[in-house]
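Below is one structure, written out as C-alpha cells, with a few remarks after it.
Note that the structure is a prediction, hence the values are computed from the model and not measured. Each chain gets a letter, A, B and so on, in the order the sequences are listed, and its residues count up from 1.
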2 protein chains.
Amino acid sequence: MSKKKSEQSREIFQRFLQSKGLKLTRQRQAIIDEILEEAGHFEPDEIVNRLRRKKINASRATVYRTLELLRESQLVEKLDIGEAGALYEHVSADAHHDHLICTQCKSVIEFHHEGLERQQAAICQHHDFQETHHSLRIFGLCKKCRKTKT
Amino acid sequence: MSKKKSEQSREIFQRFLQSKGLKLTRQRQAIIDEILEEAGHFEPDEIVNRLRRKKINASRATVYRTLELLRESQLVEKLDIGEAGALYEHVSADAHHDHLICTQCKSVIEFHHEGLERQQAAICQHHDFQETHHSLRIFGLCKKCRKTKT
DNA sequence: CTAATTGCAAAAAGTTTGCAAGCGT
DNA sequence: ACGCTTGCAAACTTTTTGCAATTAG
C-alpha cells in the first residue's frame, strides 16, 4: 500500500517534470526518495543532512529548488507551525488532512473530518470564494503534555 | 464602540506591562496606537514606516520587541499568508475569526462560524487535545478575482 | 535613582540568485 | 550537442541580540 503510494508519487513527479521539459536528475531523484522514505514532517535542512549521511550530495540550493517543484506538483505542502518554524510534508492527492500542533513537545497530529470540510465549503460558497486549498491548525497541548503540565 | 475597544486594548496592554514590571514608553505607546488606529493586517516594517511618516521614531528592533509583547498579551496575532509572507493583526479577546485569503489580489476576508468552532472543539476532545488557539486559512480566489480570471 | 528600554549595527537564520562547470536526454 | 541543473558563494530578507546611552516610574 505504502509502496504503491511512493511509486505513484514518483511517477507524478516524473510526469510533472517531463511536461515542463525538466529533467529527473540524480539529486531530484534522491530528494523525493528521501521524502517518501521517511514520511512525516521535515525542514529543508533536514533533507540536506539526511542525504549527506547517506553520502549523497545535494546542496541546500538544490533542495530548496526541488521542494519548490514538488510543491508545484502538489506532492508536498508547507506547514507553518508557529514559533517553531516551517515544516514540509509529503501529501497524496487524495488524502487531505489538518493538524493538531502541540506547542509544548512540537508533535503534530493529523486528522481529517468530513463535516468540517463541508462547512468550509459552505462558507466559501457564501462568500463567493473559490477555494484552492486550506489549512487548519489547532494549537495547544497534546494528551501527553496535558498530564505533564506543571 | 470602536473607540471603546481601542481604549480597552490600551488598558490591557498597560496592565500587562505593569504586571511584569515593564514600562509604557513613548515608543510602545506609539506602536499600539498605530496598530489600533488602522486596524487590519500589517507587516512589522509597515509599522516602522507609518510611524516614521508621522515623525515618530521607533527602530525596527523596538517594533519587533513590542510586537512580541503584544502577542504575549494576546492583543495581536501572527497570520501566515503563504507565499506572501507573514502579517500581524490586532485582535480583541472576544472576537476570534478565521481567514479567506485571495492568492491573486492578496486580500484577506475575515469570517466567523460557530458551527465550525464547535466541530473543532469536538475534534480536540476526541483527541484529548487541549486547544489554546487555532487558525483556519482558506486560500483561493475572491469574488472579484474569480471574474477577472483569465 | 535604577532598572528597563532604546537605537544602532552586527549577527543570525532562512531562502534566493548569478554564474561557470556538469549532466540528462 | 543543447539546454536544463548543480554547487558555490554572495546577496537578500526577516528577525534577533549585545551594548552604551537614555528614559520611565
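Chain B approaches DNA chain C within less than 4.0 angstrom (heavy atoms of the protein), and the contacting nucleotides run 5' to 3' from dA3(C) to dC8(C).
We find that CZ of Arg26(A) is positioned 11 Å from C1' of dT5(D), with the value rounded to whole Å. Here the P atom of nucleotide dG25(D) and the CG atom of Leu22(B) are 11 Å apart, to the nearest Å. Atom NZ in Lys23(B) sits roughly 6 Å away from atom C1' in dG25(D) (whole-Å rounding). Rounded to a whole Å, the CD atom of Glu68(A) is 17 Å from the C1' atom of dT6(D). Counting to the nearest Å, the P atom of dT14(D) and the CG atom of Leu67(B) are 14 Å from each other.
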Could you pull out every donor-acceptor pair under 3.5 Å between side chains of residues 47-54 of chain A and any protein atom, sequence neighbours left out?
residue: Asn49(A); atom: ND2; partner: Asp45(A); partner atom: O; Å: 3.2
residue: Arg50(A); atom: NH1; partner: Glu34(A); partner atom: O; Å: 3.3
residue: Arg50(A); atom: NH1; partner: Glu34(A); partner atom: OE2; Å: 2.8
residue: Lys54(A); atom: NZ; partner: Glu34(A); partner atom: OE1; Å: 2.9
residue: Lys54(A); atom: NZ; partner: Glu37(A); partner atom: OE1; Å: 3.4
residue: Lys54(A); atom: NZ; partner: Glu37(A); partner atom: OE2; Å: 3.1

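Scanning for side-chain contact (heavy atoms from CB on, under 4.5 Å) contacts around Gln125(B) gives an empty result, with sequence neighbours left out. For Arg65(B), there are no side-chain hydrogen bond (donor to acceptor under 3.5 Å, both in side chains) partners at least two apart in sequence or on another chain. Residues passing the side-chain hydrogen bond (donor to acceptor under 3.5 Å, both in side chains) test with His127(B): none are found, sequence neighbours excluded. By the side-chain hydrogen bond (donor to acceptor under 3.5 Å, both in side chains) test, Ser59(B) is found to be paired with Thr62(B), residues two or more places apart in sequence or in another chain being considered. Evaluation of the salt bridge (Lys or Arg N to Asp or Glu O under 4.0 Å) rule for Arg26(A) yields no partner, not counting sequence neighbours.
For the segment residues 55-66 of chain B, residues with any heavy atom less than 4.0 angstrom from an atom of DNA chain C are, sorted by number, Asn57(B), Ala58(B), Ser59(B), Ala61(B), Thr62(B), Arg65(B).
Computed from C1' positions of five pairs at each end, the angle between the two local axes of the helix from dC1(C)-dG25(D) to dT25(C)-dA1(D) equals 40°, rounded to 10 degrees.
Annotation: ring-ring contact (aromatic ring centres under 6.0 Å, His included) contacts involving residues 6-26 of chain A, sequence neighbours excluded, are absent. Legend: salt bridge (Lys or Arg N to Asp or Glu O under 4.0 Å) pairs involving residues 12-23 of chain A, not counting sequence neighbours, sorted by first then second residue: Glu11(A)-Arg15(A), Lys20(A)-Glu72(A). For residues 27-46 of chain A, the ring-ring contact (aromatic ring centres under 6.0 Å, His included) pairs, not counting sequence neighbours, are His41(A)-His99(A).
Between Tyr88(A) and Leu69(B), it is Leu69(B) whose nearest contact on DNA chain C lies nearer the 5' terminus.
Each of His112(B), His134(B), Glu110(B) was compared with His96(B) under the side-chain hydrogen bond (donor to acceptor under 3.5 Å, both in side chains) criterion, and only His134(B) meets it.
Between Phe129(A) and Phe139(B) the shortest heavy-atom distance is CE2-C, 3.6 Å.
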